[in-house]
Amino acid sequence: MCSDHDHTSHHDVTRRAALLGTAATLAAATATEAVAQNDAYAPPAEPALPPSTMKLRAGEVAVVVTDPQIDFLSPDGVTWGVVGESVQELGTVANIGRLFRAAKAKDLTVAVSPHYYYPTDHGWKFEGALEKLMHAIGMFDRKGPLDLEGFAGSGADFMPEYKEFIEDGKTIVTSPHKIYGPETNDLVLQLRKHGVNQVVLAGMSANLCTESHLRELLEQGFEVAVVSDATAAAKLPEGDGYLAALTNFRYMANALWTTDEATARIEAL
């Protein structure tokens with residue numbers, strides 16, 4: 001039995017109780033503070049880094065979305081108390097939907113890299129801080145890898161708005177990543193087998209799974225554009241996850257586009 005968290009009490013924790021204190025704090029934020037925070041997200045007036053030269057090439061592009069799931073993107077999800085403000089500020093839910101629609105209209109390769117936890121994952125002997133929290137609140141929990149009982153409409157399920165795109169028989173749904181990056185699933189294999197060299201990346205959560213997917217895809221030799229307003233992240237006393245990710249996106253990505261820019265480039269293919 002893992003001593004880092006109580007797996008028996010895990011099932012008794014309500015899906016939001018662990019985050020209520022933070023949610024209340026965030027709800028008290030003033031409009032002035034929100035505007036100031038948005039100012040912090042603005043591009044630098046005088047960038048030091050060279051501009052992007054990335055251009056999409058027909059036949060080589062995939063749209064990849066990390067964790068487009070209820071637990072991250074819906075008020076019914078367990079993390080809404082800490083990510084909801086960011087999701088709403090950025091219009092993340094609608095923007096991910098726009099990317100899906102644009103990609104499908106051009107018959108692009110589309111891949112979803114989801115996050116699932118099974119009962120065996122709750123036997124891990126050590127975990128990082130957020131792993132402990134995710135397990136404690138039942139985030140992304142499923143009955144098992146071959147068991148869909150209770151899956152529909154659960155926090156692990158995909159957002160209803162995206163099901164027409166994800167369940168069309170063409171979208172690649174990879175095996176789950178277990179912590180943050182795609183090193184533990186088949187995303188890279190699937191992209192290579194589909195002849196993909198360029199990735200338009202979006203999804204949740206900006207400084208965790210999305211950034212980790214960016215890093216690994218870059219290391220694997222893909223050209224990656226991140227869609228800045230089709231992601232979001234938690235705001236905690238430990239820091240603003242979106243601001244942290246945005247800094248690294250600017251440093252590392254081959255391009256950083258808004259949803260308007262990304263969809264226009266896709267539509268031009």
Side-chain angles (χ1 to χ4, degrees), residues 15 59-80 83 87 90-119 121 134 138-178 180-182 184-196 198-206 208-210 213 217 226-227 229-232 259 262-263 266-267 269:
R15 293 185 66 76
E60 299 183 41
V61 183
V63 169
V64 173
V65 181
T66 60
D67 300 348
Q69 293 162 268
I70 287 171
D71 267 345
F72 259 145
L73 290 168
S74 168
D76 294 327
V78 296
T79 66
W80 189 253
V83 304
V87 169
L90 295 163
T92 307
V93 173
N95 288 334
I96 291 173
R98 291 173 59 200
L99 284 176
F100 274 130
R101 190 172 299 279
K104 292 297 181 178
K106 283 295 183 176
D107 199 28
L108 299 187
T109 298
V110 177
V112 170
S113 178
H115 209 144
Y116 301 132
Y117 286 129
Y118 309 131
D121 298 321
M134 288 190 288
M139 191 174 183
F140 300 133
D141 271 2
R142 283 179 48 182
K143 297 286 187 180
L146 304 178
D147 190 344
L148 289 176
E149 179 186 352
F151 174 73
S154 72
D157 198 1
F158 300 121
M159 289 285 284
E161 296 92 323
Y162 306 150
K163 288 196 172 185
E164 64 176 293
F165 308 117
I166 296 174
E167 298 178 357
D168 66 352
K170 296 180 180 179
T171 295
I172 299 163
V173 179
T174 70
S175 54
H177 57 273
K178 287 297 180 177
Y180 307 119
T184 53
N185 73 9
D186 61 329
L187 176 64
V188 170
L189 172 67
Q190 294 286 352
L191 295 179
R192 293 296 189 203
K193 290 290 190 180
H194 283 80
V196 170
Q198 297 181 307
V199 170
V200 178
L201 179 64
M204 293 295 285
S205 164
L208 301 171
C209 300
T210 310
H213 278 64
L217 290 170
V226 177
V227 185
D229 54 357
T231 184
T259 301
T263 54
I266 290 170
E267 290 163 0
L269 288 171

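Here the structure is a predicted model, which means the values were calculated and not measured.
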Quiz prompt | Stepwise side-chain contact (heavy atoms from CB on, under 4.5 Å) test for Asp71 and Met134 | solution = CA-CA 10 Å; Asp71 267 345; Met134 288 190 288; over 6 Å; no
Self-check item: Lys178 to Tyr118 six-membered ring, cation-pi geometry met (6.0 Å, 45°)
Solution: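 Verdict for Tyr118: a cation-pi partner in Lys178.
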Practice problem: Could you please spell out the steps behind the side-chain contact (heavy atoms from CB on, under 4.5 Å) verdict for Val63 and Ile266? | Solution: CA-CA 10 Å; Val63 169; Ile266 290 170; 4.0 Å; yes
Looking at every non-hydrogen atom in both residues, tell me the closest pair between [X] and [Y] and how far apart they are.
| X | Y | result |
| --- | --- | --- |
| Trp80 | Phe72 | CE3-O, 4.3 Å |
| Pro114 | Ser175 | CD-O, 4.2 Å |
| Ser154 | Ile70 | O-CD1, 3.3 Å |
| Cys209 | His115 | SG-ND1, 3.8 Å |
| Asn185 | Ser113 | ND2-OG, 2.9 Å |

With side chains defined as the heavy atoms from C-beta onward, is the minimum distance between [X] and [Y] less than 4.5 Å?
| X | Y | result |
| --- | --- | --- |
| Leu217 | Leu191 | yes |
| Glu161 | Ile96 | no |
| Val83 | Thr92 | no |
| Gln69 | Asp157 | no |
| Pro182 | His213 | yes |
| Arg142 | Leu148 | yes |
| Asp67 | His177 | yes |

Exercise. Could you tell me how the ring of Phe140 sits relative to the ring of Tyr117: parallel (under 30°), tilted (30 to 60°) or perpendicular (over 60°)?
Key: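 Ring orientation, 0 to 90° scale: tilted.
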Nearest 0.5 Å, please: how far is [atom2] in [Y] from [atom1] in [X]?
| X | Y | atom1 | atom2 | result |
| --- | --- | --- | --- | --- |
| Lys106 | Thr263 | NZ | OG1 | 12.0 Å |
| Lys163 | Thr171 | NZ | OG1 | 13.5 Å |
| His194 | Thr109 | NE2 | OG1 | 5.5 Å |
| Asp76 | Met159 | CG | CE | 9.0 Å |

Quiz item: By salt bridge (Lys or Arg N to Asp or Glu O under 4.0 Å), which residues pair with Asp229, not counting sequence neighbours?
Solution: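 Listed in chain order: nothing, the list is empty.
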Quiz prompt | Residues forming a side chain to side chain contact (heavy atoms under 4.5 Å, CB included) with Phe165, sequence neighbours excluded | solution =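 Only Phe100, Arg101, Lys104 meet the side chain to side chain contact (heavy atoms under 4.5 Å, CB included) criterion with Phe165.
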Self-check item: Partners passing side chain to side chain contact (heavy atoms under 4.5 Å, CB included) against Ala202 (at least two apart in sequence or in another chain)
Solution: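 Once residues adjacent in sequence are excluded, the partners of Ala202 under the side chain to side chain contact (heavy atoms under 4.5 Å, CB included) criterion are Leu99, Val227, Ala230.
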Quiz item: In this structure, which one of Val64, Val112, Leu187, Thr66 forms a side chain to side chain contact (heavy atoms under 4.5 Å, CB included) with Thr174?
Solution: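 One option only clears the test, and that one is Leu187.
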Quiz item: Would Tyr162 and Val93 satisfy side-chain contact (heavy atoms from CB on, under 4.5 Å), going step by step from the backbone distance to the final call?
Solution: CA-CA 9 Å; Tyr162 306 150; Val93 173; 3.6 Å; yes
Practice problem: Report, as yes or no, whether the 6.0 Å neighbourhood of atom NZ on Lys170 holds more than 12 heavy atoms from other residues, nucleotides or ligands. | Solution: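 No, NZ of Lys170 has 12 or fewer neighbouring heavy atoms, counting only those of other groups under 6.0 Å.
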Exercise. Could you walk me through whether Thr231 and Leu90 pass side-chain contact (heavy atoms from CB on, under 4.5 Å), step by step?
Key: CA-CA 8 Å; Thr231 184; Leu90 295 163; 5.6 Å; no
